[in-house]
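Below is one structure, written out as structure tokens; comments come after it.
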Amino acid sequence: MTKNLKDSFSAPGSGRRPGAAAPGRQGTSASGGTGSQADGGTRRGATKSGVPGGTSRTGTGTGTGTGTGTGGAPPAPAALAAKVRTLAPSMTRSMQRVAEAVAGDPAGCAALTVTGLAELTGTSEATVVRTARLLGYPGYRDLRLALAGLAAQQLSGRAPAVTADIAVDDPIADVVAKLAYDEQQTLADTAASLDTVQLGAAVTALAGARRIDIYGVGASGLVAQDLAQKLLRIGLVAHAHSDPHLAVTNAVQLRSRDAAVAISHSGSTGDIIEPLRVAFDHGATTVAITGRPDGPVSQYADHVLTTSTARETDLRPAAMSSRTSQLLVVDCLFIGVMQRTYESAAPALAASYEALAHRHSPRTR
């Protein structure tokens with residue numbers, strides 16, 4: 001990385017590579033134009049040599065799977081509720097009211113004009129349009145079509161989008177049923193919001209990396225260990241770091257042929273952001289797995305993989321739902337890398353099974 005390129009990151013909060021769109025920004029601007037606010041619709045405006053797989057760091061999407069500025073189709077009706085749950089925490093309160101209204105009563109809102117929905121939610125027409133665009137639709141007309149489609153799906157007998165919260169006095173059978181439903185919903189939301197273009201680019205980076213560092217603390221640290229051990233078993237050099245000091249000192253050693261993965265549900269954990277920034281500055285290809293695509297961690301990520309943001313309750317903390325969605329993304333990454341490196345990965349995986357086989361056999365006395 002040249003000195004001029006490094007200098008461009010010296011200002012606080014300016015970690016994105018030159019020409020990169022603001023993290024979490026969608027492909028349409030509030031004024032109605034298309035493309036990102038920084039580079040006309042590409043997520044990365046600068047190229048960089050040495051990226052694994054021979055690809056350059058040019059933009060292929062917004063990183064959130066919701067933008068329309070790069071030519072992607074609007075989300076399918078079934079994905080609308082997932083978009084609302086994922087993006088609502090980063091919306092303004094007025095936009096949240098619009099999002100909650102369309103997710104809660106798609107049939108009723110589909111029958112409203114933009115003025116009618118603005119009046120219903122106590123907001124403005126501009127807020128309604130901005131919310132539609134943030135959810136991935138070019139305009140309110142497209143959102144209404146999606147709402148009509150979602151209403152039709154719900155009438156067909158599918159389960160409601162939100163299940164009841166777990167109560168302190170719930171029978172254990174109800175707890176099992178509610179948790180099972182919530183887990184299914186979390187996985188469905190994550191699958192619906194996951195940008196497969198970004199996922200494919202991340203797979204390419206990991207498959208061709210000389211070395212892979214993975215950062216995570218707390219519940220995310222367990223997910224980081226899961227990804228590292230999976231990659232190790234197919235012959236890749238991968239290490240999970242939950243100690244922030246070790247994470248930074250290891251990140252300093254990364255170069256352009258390496259990759260770094262940060263796992264942070266909030267997207268704002270300093271112990272995760274710092275090593276990813278260091279890896280980013282040293283030229284490694286960086287990936288963020290986060291429930292907040294507009295969070296600070298995305299400033300230093302070449303590829304952002306968005307996980308579901310489920311509702312947190314007293315009896316179901318965020319760490320539970322975030323872990324479920326993170327593990328799905330990790331499995332998607334692993335399978336993708338396994339496919340790309342199958343000729344070397346399959347023998348390595350077989351060798352690891354063979355090495356552990358005796359530990360699964362009954363001991364003889």
- Item | Matching residue for T290 among I272, V304, I263, T307 - test: side-chain contact (heavy atoms from CB on, under 4.5 Å) | V304
- Closest heavy-atom pair, D302 versus A284, reported as atoms and distance to 0.1 Å, is OD2-O, 3.8 Å
- Check Y140 against V128 and note the closest heavy-atom contact, atom names and distance. CD1-CG1, 3.7 Å
- Query: Is the shortest heavy-atom distance from the side chain of V252 to the side chain of H282 under 4.5 Å?
  - Reply: yes
- Here the pair of heavy atoms bringing G267 nearest to I273 is O-CD1, 3.9 Å
- Message: If the threshold is 4.0 Å, N to carboxylate O, is there a salt bridge linking D142 and R144?
- Response: no
- Message: Let's go through T127 and S124 carefully: what are the C-alpha distance in whole Å and the side-chain angles of both, what is the deciding distance for side-chain hydrogen bond (donor to acceptor under 3.5 Å, both in side chains) to 0.1 Å, and is it a yes or a no?
- Response: CA-CA 5 Å; T127 298; S124 65; 3.0 Å; yes
- Considering non-hydrogen atoms only, spot the tightest contact between T306 and L194 and give its length. O-CD1, 3.9 Å
- Consider only side-chain N and O atoms of R93 and Q96, and report whether a donor and an acceptor are under 3.5 Å apart. yes
- Message: What's the separation between atom NZ in K230 and atom CE in M338, rounded to the nearest 0.5 Å?
- Response: 12.0 Å
- Query: At their closest point, which heavy atom of L134 faces which heavy atom of M95, and how far apart are they?
  - Reply: CD2-CE, 3.6 Å
- Are the charged groups of R210 and D258 less than 4.0 angstrom apart, N to O? yes
- Message: Cation-pi check for Y353 against R233: NZ or CZ below 6.0 Å from the six-membered ring centre and within 45 degrees of the axis, yes or no?
- Response: yes
- Could you tell me whether E125 and R130 make a salt bridge, using a distance below 4.0 angstrom between a side-chain N and a carboxylate O? no
- Check whether any side-chain N or O of D281 sits under 3.5 Å from a backbone N or O of V278 as a donor-acceptor pair, and report yes or no. no
- Would you give the length of the straight line joining atom CG of D331 to atom CG of D226, rounded to the nearest 0.5 angstrom? 6.5 Å
